[in-house]
Structure formats: structure tokens, C-alpha cells
Amino acid sequence: MRAITVHNVSKIYGKGHAAVKAVQDVTLAIEPGEIVLIMGPSGSGKTTLLSMIGTLLRPTEGSIVVGDLATRSLNDNQLADLRLESIGFIFQSFNLLSALTAKQNVMVPLIAGGAPKREAGKRAETLLTRLGLGERINSLPADLSGGEKQRVAIARALINEPKIILADEPTANLDSETGHEVATLLCEIACNENRAVVIVSHDPRLRDVAKRIYTIEDGKLIKEEAGGHNKICPVRHT
Ligand code: ADP
Ligand code: MG
């Protein structure tokens, strides 16, 4: 089954003279195991498109299908359940809760999904350890480096084992080496765990981890090309 189908999607903010066409007639499909990069300058509609794919924002026109669910027919509670179960989000600014430790941040989606606290804690520890943060489990975000914070955020996005990972400028606040580490990690998540990963960014370093690269300009996809994904992940399990 396809992970995501975006069909003729547009988003217009505001009305009349003040209307902004942020996304115009975008169509694309993403399969499980694929990592897709959507590149474009600031203001080109990247966050708007990703928010619609993630069902945080309803399109003005067109349809978004997640797995086999047509999201338009779902109400807000059903969409919240769908996101909790099927979609992990990663943001430029990490969005960690500053009063919670790394482990507690990663536990949040599990607790929201009704998992018992003990079990949630164990799973969070296992995943953080796997992502190289075994020594940082009880650290607060303020005591972590940028790369560590983003890995905690990636663990939080992965903890419910969602089929889809959406990342908005995930390397923008990272130095070159950590940015590369985070990019490689996202690439491995796609090819080793058969998840669909969509990254929006203007960071050209991400070109090497993507399977396909789209260019977005003024809300329109104007170009599709192959990325360097096969250099990093030669084996695809789809
Ligand atoms: P990007 O993420 O590529 O920088 P955005 O999706 O944030 O682009 O924005 C695309 C366009 O939509 C921009 O012109 C922006 O000013 C406008 N825009 C974004 N969010 C809103 C909003 N909530 N209300 C009105 N206009 C918006
Ligand atoms: Mg943006």
C-alpha cells in the first residue's frame, strides 16, 4: 500500500485581496521505504504542504490519502488519532518540552496513546540507547547539544512506530557534521525500517540522502529528480 497520496492539493490563506496561494495544485505519491526531499526557498510553501500531508492543516482543494484513509472525511478527533498512530513529526526547532528529560520527552506520544508509564519508560530508554543517547536519558534539553536534541526529537517521532515521518527543516539549526548525522539517520529509518520519510528543507546537504527530490517554487512543484539515496542505502526493502 502507498504511504501517502497527495492529489491536486492547494491551500489558500485568507480571502479576497489578502488571499495568499501558499500551495498550488500539488500531486505526489510516496511509497513505504522512500525518502523524499522537497526543496525550495523560504516562503515557497514547504511548511504549508508538509502540514497538509501531516493532517495538521486541511487543504482548500484536493485530497490527501494516508495509507488507505481519505483524510477529508475524518473529523478532527479522528485526525488526531491518525497522527498519533501513523505520523511522526520532526521540527527545525526540535520542540522538546524543556521541563522534561530526554526520556520523558520521548514517552509523551506513548502516554498520549494510553501506554502504561513503566512500559513507556522502558521503550523510550531502549530507543534512545539505539540512537546513541544512552548516556543522555535523564538529561534536560538545556543540557543537550543541538544534534542530541534533534536525535531526542527523532526518537519521539519514532516511538509509536509510525509508518510516516515528516521533517520540517530538520538540519537547519545544526552544524555541518551533526546535520549530516541526522540526515543519514533519517535515510536509514526509511530504508531499514520501511517507513516513508518526507523532508522539506532548503539545505542542499540533504540531496544525498533523498531518493527523489522535488523543487517547490511559489507553491508549485516545478521539478522532480533523483537524489543520491542509493549511495547510502543501496538495498531497498520494498
Ligand atoms: P516555507 O515553509 O517554504 O517558508 P510557508 O508554507 O511557511 O513556506 O509559507 C508559504 C506562504 O504562505 C508564504 O507566503 C507565507 O507568508 C504564507 N503563509 C504561511 N502561513 C500562513 C498563515 N497562517 N496565514 C497566512 N499566510 C500564511
Ligand atoms: Mg517553513
Side-chain angles (χ1 to χ4, degrees), residues 4-30 34-66 71-72 76 79-80 83 87-96 146-147 149-154 156-157 162 164-176 178-180 182-183 185-187 190 196-225 227:
I4 307 159
T5 312
V6 176
H7 192 67
N8 295 125
V9 159
S10 297
K11 179 72 191 181
I12 300 172
Y13 290 114
K15 289 206 164 78
H17 270 315
V20 176
K21 283 188 184 169
V23 169
Q24 299 188 55
D25 205 21
V26 165
T27 293
L28 75 152
I30 299 143
E34 279 195 317
I35 178 162
V36 170
L37 172 65
I38 301 170
M39 297 234 351
S42 181
S44 57
K46 300 183 299 297
T47 295
T48 301
L49 177 57
L50 199 73
S51 303
M52 290 192 287
I53 294 173
T55 79
L56 292 164
L57 186 67
R58 289 183 189 270
T60 310
E61 278 173 55
S63 69
I64 309 268
V65 180
V66 175
T71 58
R72 199 202 328 236
D76 289 351
L79 289 180
R83 286 194 296 272
I87 305 174
F89 293 91
I90 299 163
F91 304 94
Q92 167 179 353
S93 48
F94 319 127
N95 288 13
L96 298 175
K149 280 196 260 254
Q150 194 57 303
R151 275 185 286 155
V152 173
I154 290 171
R156 183 184 54 189
I164 298 164
I165 305 283
L166 304 179
D168 194 343
E169 316 250 13
T171 57
N173 287 333
L174 303 178
D175 63 44
S176 156
T178 4
H180 186 75
V182 164
L185 180 58
L186 291 170
C187 183
V197 178
V198 183
I199 306 174
V200 303
S201 180
H202 52 243
D203 182 350
R205 294 173 301 181
L206 289 165
R207 298 179 68 88
D208 269 353
V209 303
K211 176 162 181 282
R212 277 185 289 138
I213 303 169
Y214 290 93
T215 303
I216 187 168
E217 216 174 86
D218 297 330
K220 292 183 208 135
L221 293 190
I222 55 164
K223 186 163 140 196
E224 178 185 347
E225 61 197 306

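Counting starts at 1 for both ligands and their atoms, in listed order. Because only heavy atoms are used, hydrogens play no part in the values below, and waters and symmetry mates are left out as well, while side chains stay in.
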Val200 and Tyr214: CA distance, side-chain angles, deciding distance, side chain to side chain contact (heavy atoms under 4.5 Å, CB included) verdict: CA-CA 9 Å; Val200 303; Tyr214 290 93; over 6 Å; no
Between [X] and [Y], is there a donor-acceptor pair closer than 3.5 Å when you use the side chain of the first and the backbone of the second?
X      : Y      : value
Asp203 : Ala172 : no
Thr60  : Ile12  : yes
Lys46  : Met39  : no
Ser51  : Leu57  : no

Report yes or no: does a heavy atom of [X] sit under 4.0 Å from some atom of ligand 1?
X      : result
Gly14  : no
Gly43  : yes
Gly219 : no

For Pro41, atoms of ligand 1 separated by under 4.0 Å from a heavy atom: 3 (O)
Numbering as shown, the atoms of ligand 1 that approach Thr48 to under 4.0 Å (heavy-atom distance): 5 (P), 6 (O), 9 (O)
For Thr27, the option from Val9, Leu221, Val6, Asn8 that meets side chain to side chain contact (heavy atoms under 4.5 Å, CB included):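 Option passing the side chain to side chain contact (heavy atoms under 4.5 Å, CB included) with Thr27: Asn8.
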Write out the residue and atom name of the closest protein heavy atom to [atom], then the distance separating them to 0.1 Å.
atom                    : result
atom 12 (O) of ligand 1 : Ala22 CB, 3.4 Å
atom 7 (O) of ligand 1  : Thr47 CB, 3.8 Å
atom 8 (O) of ligand 1  : Gly45 N, 3.1 Å
atom 19 (C) of ligand 1 : Tyr13 CE1, 3.4 Å

Atom 2 (O) of ligand 1 touched by protein (heavy atom, under 4.0 Å):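 Yes; the ligand atom in question has protein heavy-atom contact below 4.0 Å.
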Closer than 4.0 Å: a protein non-hydrogen atom to atom 22 (C) of ligand 1: yes
Val20 N/O under 3.5 Å from ligand 1 N/O: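 The answer is no, given that Val20 and ligand 1 share no N or O pair closer than 3.5 Å.
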Side chains of Ser63 and Arg72, donor plus acceptor under 3.5 Å: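 The answer is no; no qualifying pair exists.
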Residues Leu56, Arg83; criterion side chain to side chain contact (heavy atoms under 4.5 Å, CB included); working and verdict: CA-CA 9 Å; Leu56 292 164; Arg83 286 194 296 272; 3.6 Å; yes
2.8 Å cut-off met by an N, O or S atom of Thr47 to the Mg ion (ligand 2):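 Thr47 does place an N, O or S atom closer than 2.8 Å to the Mg ion (ligand 2).
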Reference residue Glu225; test salt bridge (charged side-chain N to carboxylate O under 4.0 Å, His left out); the match among Arg212, Arg207, Lys211: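 Single pass found, and it is Arg207.
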